[in-house]
Amino acid sequence: MRIATWNVNSVNARVETVVAWLREHSPDVACFQEIKCEEHKFPALAFEELGYNTAVWGQKSYNGVAILSKFPIGDVRRGLPDPGEEEQSRYIEAVIEAPRPVRVASIYLPNGNPVDSEKFPYKLAWMERLRRHAVDLLRLEESLVLCGDYNVIPDPEDARNPAQWVRDALFQPESRAAWRAFKGIGLSEAHELAGEPPGTFTFWDYQAGAWRRNDGIRIDHHFLSPQAVDRFLGMETHRDARDMEKPSDHVPVVIELTD
DNA sequence: ATGGCGTCGGAACGACGA
């Protein structure tokens, strides 16, 4: 089973690009982030025509996450426990009802910039909520894949030019520590399991020729429970997608598990 | 160098992204 994560940067602005990529690569599951629309404006039909079921948690203009699956989708959860009053659409989880099921979450972690604003503590608090929920999920002892745009650059080797990120929320010591604490509850990172080399980036800014200069960062991650690690076969970071017509600024990352 | 570039809402340009 192949499971993709992709921050699509508006699913409606990008639908032709996204459909073209799905048609070519046909992952069993695709987790989207930043769909930037409410559920009634999600182009479900375009994906159903490719054989996907969909589960969506959207909001107007910003954020929004979705899960596409060629298998039936069950046990959908929208949002983390303990939501605030105006909870942003950043987390959706579901069970992919394959012969050997996998619980999958599509995660759009807050950016947190600027660091001296209320957005940075919001990011850190959200990461702690995610960590606590993941502890509960691990107790289920299932095949579990928590993937998405984590908006964290884990290590200097995950940026072409780490110095330009030192004042950025994505590379703050607190963000990186929260990322390690999350991983430390007993999750494994696909990037490490696959032995991807340094310089495997997943995001390049639209601005200033970042793609042309390969000025990228690695911020889109898959985390696996021990039961999913046992099924891990490999991964692909789809760098070529950054050269598609009307590309997202992120590229898809795909892991493969045994069926 | 906080700008570039892209998207949204709503009909100009500010908010937001990373």
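In the text below, chain A, chain B and the rest are named by the order of the sequence lines, each starting its count at 1. In what follows, every heavy atom counts, from backbone to side chain, and hydrogens, waters and symmetry copies are set aside.
Residue pairs meeting the ring pair (Phe, Tyr, Trp, His ring centres under 6.0 Å) criterion with at least one partner in residues 160-186 of chain A, sequence neighbours excluded, are A/Tyr150-A/Phe182, A/Trp179-A/His221, A/Trp179-A/Phe223, A/Phe182-A/Phe223.
A tilted orientation is assigned to the rings of A/His25 and A/Trp21, their planes being inclined by 30° to 60°.
Using a 3.5 Å distance cut-off with no hydrogens or angles, the side chains of A/Asn9 and A/Glu34 do not pair a donor with an acceptor.
Here, B/dA18 and B/dC13 have their P atoms 26 Å apart, quoted to the whole Å. Rounded to whole Å, the P atom of B/dG10 lies 26 Å from the corresponding atom of B/dC5. Spacing of C1' atoms, B/dT2 relative to B/dA12, comes out at 22 Å, to the nearest Å. Of the C1' atoms belonging to B/dG3 and B/dC16, the separation is 16 Å, rounded to the nearest Å. Spacing between B/dA11 and B/dG6 at atom P, rounded to whole Å, works out to 24 Å.
An OP1 or OP2 oxygen of B/dG6 is reached within less than 4.0 angstrom by no side-chain nitrogen or oxygen of A/Lys246.
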query = Base, backbone or nothing for each nucleotide of nucleotides 9-18 of chain B, written B, S, -, heavy atoms under 4.0 angstrom, 5' to 3'?
reply = S-----BSSB

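For the pair A/Phe42 CZ and B/dC8 P, the interatomic distance rounds to 14 Å; values are reported in whole Å.
Judged by distance alone, with hydrogens and angles left aside, the side-chain atoms of A/Arg160 form no donor-acceptor pair with the main-chain N or O of A/Gly216 at under 3.5 Å.
Within 4.0 Å of A/Ala208, counting heavy atoms only, lies at least one base atom of the nucleic acid. Residue A/Arg14 is classed as a sugar-phosphate contact, given heavy-atom separations below 4.0 Å to backbone atoms only.
Proximity of A/Lys70 to A/Ser26: side-chain heavy atoms (C-beta onward) are separated by under 4.5 Å at one or more points.
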Could you pull out every donor-acceptor pair under 3.5 Å between side chains of residues 251-259 of chain A and any protein atom, sequence neighbours left out?
| unit_1 | atom_1 | unit_2 | atom_2 | d |
| --- | --- | --- | --- | --- |
| A/Thr258 | OG1 | A/Arg100 | NH1 | 3.4 |
| A/Asp259 | OD1 | A/Met1 | N | 2.6 |

